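Before any comments, here is the structure.
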Amino acid sequence: MPELPEVEAVCRRLRRHLSGRRIVAARLFRARLCAPQSPAQFARAVTGQRFVSIERRGKNILAHLERATLWAHLRLTGNLYTISDPERRPATASACLVLDNARALVFDDPRGLGMLRAVAPGEAGRALAGLGPDPLSGELTLARFAALAGGGRSSIKTLLMDQKRLAGLRNIYAAEALFRAGIDPRRPGARLGKVRLRRLHRAIVQVLREGLASAVTGYRGPGGFVETEFFQPAVYGRQGLPCRRCGRKIRRIRQSGRSTFFCPGCQR
DNA sequence: CTGCCCCTGTAA
DNA sequence: TTACAGGGGCAG
């Protein structure tokens with residue numbers, strides 16, 4: 001599932017493969033993908049245009065064309081990549097944009113929750129203005145992090161996953177960062193001292209960087225993301241298994257409707 | 001703030 | 001056969 005590192009890895013590949021390319025045809029296989037526009041409107045908006053630049057805002061991908069922006073969000077199972085033959089797209093493709101070099105950009109999305117819209121220049125940026133700082137970009141200084149995460153009354157895990165506070169951290173990396181920092185995910189953000197905030201800030205940046213290294217090298221081409229030895233979750237998905245650090249059983253609880261995994265020995 | 005919903009593959 | 005996983009939008 002794409003979190004921030006996977007989305008960043010996708011952006012890097014797209015920059016390599018799309019720069020200077022022109023879209024010659026657009027085929028949509030799932031009308032919801034470009035809602036509220038219709039597939040015909042979408043095709044009209046992007047056909048004939050050249051890619052100018054690729055930008056990432058949190059987990060949103062903005063592919064700027066000459067007179068429009070392709071705004072993509074991979075959600076849970078989406079992926080964007082190019083293939084050599086537009087006729088040989090995967091069955092799970094939600095969209096296929098044929099390029100002027102006879103290759104095609106595919107939005108592959110088995111669960112179909114992803115988004116690919118054509119919007120006016122500037123529209124996506126305005127819509128995303130409320131996103132918090134990006135932990136992979138250097139925007140997230142310790143002072144800024146402390147103000148965002150330390151200020152909230154809800155649990156620190158819930159705060160970390162709030163995109164208006166930090167852009168890009170979700171269930172897996174939030175759990176991993178909290179484990180690394182030795183912090184109980186249930187602890188209210190407002191009750192984190194300076195030491196814990198500093199440790200957590202470091203842990204977030206570290207775990208995302210390692211995730212990025214894994215996402216860049218662990219990619220298997222069309223078909224999705226693979227796990228590599230670089231990123232082995234310490235707690236995520238490991239309920240009942242012994243903690244790799246202290247041996248106690250990893251616990252699983254529910255926090256605001258989502259699973260949280262943590263080690264009751266290491267995280268306080 | 002919490003909880004439901006979108007969707008579909010996988011696991012109990 | 002049903003429950004669940006996940007990100008995010010939105011209703012309550």
Side-chain angles (χ1 to χ4, degrees), chain A residues 1-11 28-37 56-62 71-80 90-95 107-117 119 123-132 134-136 148-149 151-178 185-191 204 207-208 211 215 220 222-227 231 233 235-241 250-262:
Chain A
M1 359 129 200
E3 280 207 48
L4 199 60
E6 289 80 12
V7 177
E8 172 61 20
V10 165
C11 282
L28 279 278
F29 312 109
R30 234 190 252 273
R32 313 177 22 95
L33 185 70
C34 60
Q37 264 193 334
R56 179 178 63 75
R57 303 261 188 120
K59 280 179 290 201
N60 296 268
I61 299 168
L62 307 186
W71 178 8
H73 196 299
L74 307 178
R75 291 285 174 86
L76 299 179
T77 55
N79 196 1
L80 272 169
T92 45
S94 292
F107 193 108
D108 193 359
D109 190 5
R111 295 201 188 166
L113 292 175
M115 176 190 91
L116 182 68
R117 295 175 56 193
V119 298
E123 182 181 336
R126 283 192 297 279
L128 298 172
L131 281 181
D134 188 322
L136 272 181
L148 289 163
R153 284 185 305 281
S154 32
S155 75
I156 184 59
K157 165 119 180 310
T158 303
L159 295 172
L160 291 184
M161 295 198 303
D162 179 353
Q163 304 297 293
K164 292 190 286 300
R165 291 174 187 271
L166 299 189
L169 213 60
R170 282 303 292 186
N171 213 29
I172 299 173
Y173 286 95
E176 294 299 310
L178 284 164
R186 298 165 296 185
R187 181 184 277 265
R191 292 195 36 240
I204 288 168
V207 78
L208 288 174
R220 196 161 39 187
F225 306 100
V226 297
E227 296 204 42
F231 187 72
V235 288
Y236 184 82
R238 299 191 68 242
Q239 73 276 16
L241 298 172
I250 302 297
R251 281 190 59 194
R252 170 188 176 163
I253 58 171
R254 288 312 284 163
Q255 280 184 301
S256 47
R258 224 122 249 178
S259 289
T260 293
F261 303 88
F262 70 103

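The sequence lines fix the lettering, A, B, ..., with proteins before strands; numbering per chain opens at 1. Small disclaimer: the values here were computed from a predicted structure and weren't measured.
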Just wondering, do [Y] and [X] contact through their side chains at under 4.5 Å, heavy atoms?
X: A:Glu8; Y: A:Leu208; value: no
X: A:Gln163; Y: A:Arg170; value: yes
X: A:Glu3; Y: A:Glu176; value: no
X: A:Leu178; Y: A:Phe262; value: no
X: A:Thr77; Y: A:Leu113; value: no

Measure the distance from [atom1] on [X] to [atom2] on [N] and round it to the nearest whole Å.
X: A:Arg258; N: B:dC1; atom1: CZ; atom2: P; answer: 16 Å
X: A:Asp162; N: B:dG3; atom1: CG; atom2: C1'; answer: 16 Å
X: A:Arg32; N: C:dG8; atom1: CZ; atom2: C1'; answer: 12 Å
X: A:Lys164; N: C:dG8; atom1: NZ; atom2: P; answer: 11 Å
X: A:Leu76; N: B:dC7; atom1: CG; atom2: P; answer: 13 Å
X: A:Ile156; N: B:dC1; atom1: CD1; atom2: C1'; answer: 16 Å
X: A:Glu6; N: C:dG7; atom1: CD; atom2: C1'; answer: 13 Å
X: A:Leu4; N: C:dG7; atom1: CG; atom2: P; answer: 12 Å

Report each atom pair, protein N/O against N/O of nucleotides 8-12 of chain B, whose distance is under 3.5 angstrom.
from, atom 1, to, atom 2, distance (Å)
B:dT8, OP1, A:Arg30, NH1, 3.3
B:dT8, O2, A:Arg111, NE, 3.1

Is the distance from OP1 or OP2 of C:dG7 to the nearest side-chain N or O of A:His73 less than 4.0 Å?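 A:His73 to C:dG7 OP1/OP2: no side-chain N or O under 4.0 Å.
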
Between A:Gln163 and C:dG7, is there a contact of a side-chain N or O with OP1 or OP2 at under 4.0 Å? no

Would you call A:Arg56 and A:Asp134 a salt bridge, using N to O less than 4.0 angstrom?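 Answer for the salt bridge query: yes.
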
Rounded (10°) bend between the five-pair end axes of the helix from B:dC1-C:dG12 to B:dA12-C:dT1: 60°

I need the single residue from A:Asp109, A:Leu33, A:Leu74 that forms a side chain to side chain contact (heavy atoms under 4.5 Å, CB included) with A:Leu116. Which is it? A:Leu33

